[in-house]
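Here the structure is laid out as structure tokens; the discussion comes afterwards.
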Amino acid sequence: DVLALARSGDRVLLQRLCQVTAEVLHTDSSHTLLWRPTEDVYIVVNGHGDTPAQEHLTQALRIPRVAIADLLAYLEWSDFLEIDSRAGGNTFIAQLAQSYGATRGLWLALRRGKELVGVQTAYYRGATAPFTSRQKQIARGLAQIASMALNNARLLEQAESATALKSAFLSLISHELRTPFHIIFGYLDLLHDAEFGALTAEQTEVILQVQNAARGLFDMIAALLDASNLEHGHARLETTAINVSTLLRELQQ
């Protein structure tokens, strides 16, 4: 679902994340990698600082989880990892860094709770000096803030989806319940008008009470539909004159 966010939700957030990461760490590029569980690969969902040729390479890039298992294992307990492309280490990443002209970089852990769901990278092109203590401190803060931002965006998207589902349900159920209520009202009117035989005073009073109760329930259903329309901006304000004494009697009943 974090990857779904990257596809549907907040490209702007991810673009800004890459840009800010490169700027505050003074690196030449930055990329957001998120895990796709269905394929067990990491996908680059956004980047900053790439050339057009590198952007084309990035779009097709799939990093198997098993190929970077050693790096991920390190990030399970650390907020960041410094990588020197010239020092060997992970062969897959060393070859990939060479394709991008990257010489030295930082990998920042992106988490959802305790689960590692992605990596934010920041790389130099040409520079080989180690990152300073200040840069590493900033990187640690970036990893935590980025994780929080992704989680908040995911929660917001879920809330918006839930709200849309709720509104659709209210609209549907409100419309569907109106039909049987019209049938109920019709038969009550027939009973009240003695279409099925004469009624005693007591029976007439009972029918009036049922009609009032049914009308109250029908009004509640109508209010649900009104609430749905209000949320979508479809409701229209209508003003009518009312008899206050009649209204007070209804409320008393």
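Every heavy atom of this structure was used, including side-chain atoms; hydrogens, water molecules and symmetry mates were not.
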Ile68/Trp107 under side chain to side chain contact (heavy atoms under 4.5 Å, CB included): CA gap, chis, key distance, verdict: CA-CA 12 Å; Ile68 55 173; Trp107 280 32; 4.2 Å; yes
Crowding at CD, Glu195 (>12 non-hydrogen neighbours, <6.0 Å): yes
Flag if over 12 foreign heavy atoms under 6.0 Å of CD, Glu82: yes
Member of Leu106, Thr21, Leu142 meeting the side chain to side chain contact (heavy atoms under 4.5 Å, CB included) criterion with Ser30: Thr21
N/O donor-acceptor pair under 3.5 Å between Gln135 side chain and Leu25 backbone: yes
Positive for side chain to side chain donor-acceptor pair (under 3.5 Å) with Tyr42, one of Arg62, Arg36, Arg65: Arg65
Considering all heavy atoms, the nearest Ala94-Ser85 contact: CB-O, 4.2 Å
Donor-acceptor contact below 3.5 Å, side chain Thr32 vs main chain Val45: no
Euclidean distance, Arg125 CZ relative to Thr103 OG1, rounded to 0.5 Å: 9.5 Å
Interatomic distance, Asp40 atom CG to Ile63 atom CD1 [nearest 0.5 angstrom]: 12.5 Å
Polar contact flag, side-chain donor to acceptor under 3.5 angstrom, His56-Asp50: no
Identified side chain to side chain contact (heavy atoms under 4.5 Å, CB included) counterpart of Leu110 within the set Leu75, Leu34, Leu116, Leu33: Leu34
Same apolar cluster: Phe92 and Val66, side chain cutoff 4.5 Å: no
Geometric cation-pi criterion, Arg215 with Phe185: 6.0 Å, 45°: yes
Donor-acceptor contact present, side-chain Ser99 to main-chain Gln95, <3.5 Å: yes
Side chain proximity check, Thr200 to Glu205, heavy atoms < 4.5 angstrom: no
Stepwise side chain to side chain contact (heavy atoms under 4.5 Å, CB included) test for Lys136 and Phe80: CA-CA 8 Å; Lys136 293 177 181 179; Phe80 67 90; 3.5 Å; yes
Residue pair Gln211 / Asp189, side-chain donor-acceptor N/O under 3.5 Å: yes
Centroid separation Tyr100 to His31 less than 6.0 Å: yes
Flag side-chain contact, heavy atom, 4.5 Å: Trp35 against Val41: no
Contact check, side chains of Leu71 and Leu81, non-hydrogen atoms, under 4.5 Å: yes
Under 3.5 Å donor-acceptor, Thr58 side chain and Gln54 backbone: yes
Distance, nearest 0.5 Å, that separates CG of Leu108 from CG of Asp79: 8.5 Å
N/O donor-acceptor pair under 3.5 Å between Asn243 side chain and Ser245 backbone: yes
Joint cluster assignment, Val119 & Val20, ILVMFWY side-chain distance < 4.5 Å: no
Side-chain heavy atoms of His192 within contact of Leu208, under 4.5 Å: yes
Donor-acceptor side-chain pairing of Gln19 and Glu23 below 3.5 angstrom: yes
Point-to-point distance, once rounded to the nearest 0.5 Å, from CG of Leu191 to OG1 of Thr204: 10.0 Å
Lys/Arg N to Asp/Glu carboxylate O, Arg104 vs Asp28, below 4.0 Å: no
Tyr124 ring center within less than 6.0 Å of Phe131 ring center: yes
Under 3.5 Å: donor-acceptor pair, side chain of Asn46, backbone of Cys18: no
Sidechain-backbone polar pair: Ser29 side chain, Gly49 backbone, donor-acceptor under 3.5 Å: no
Heavy-atom side-chain proximity of Tyr123 to Ile83 below 4.5 angstrom: yes
Heavy-atom closest pair, residues Ala109 and Ser78: CB-O, 3.9 Å
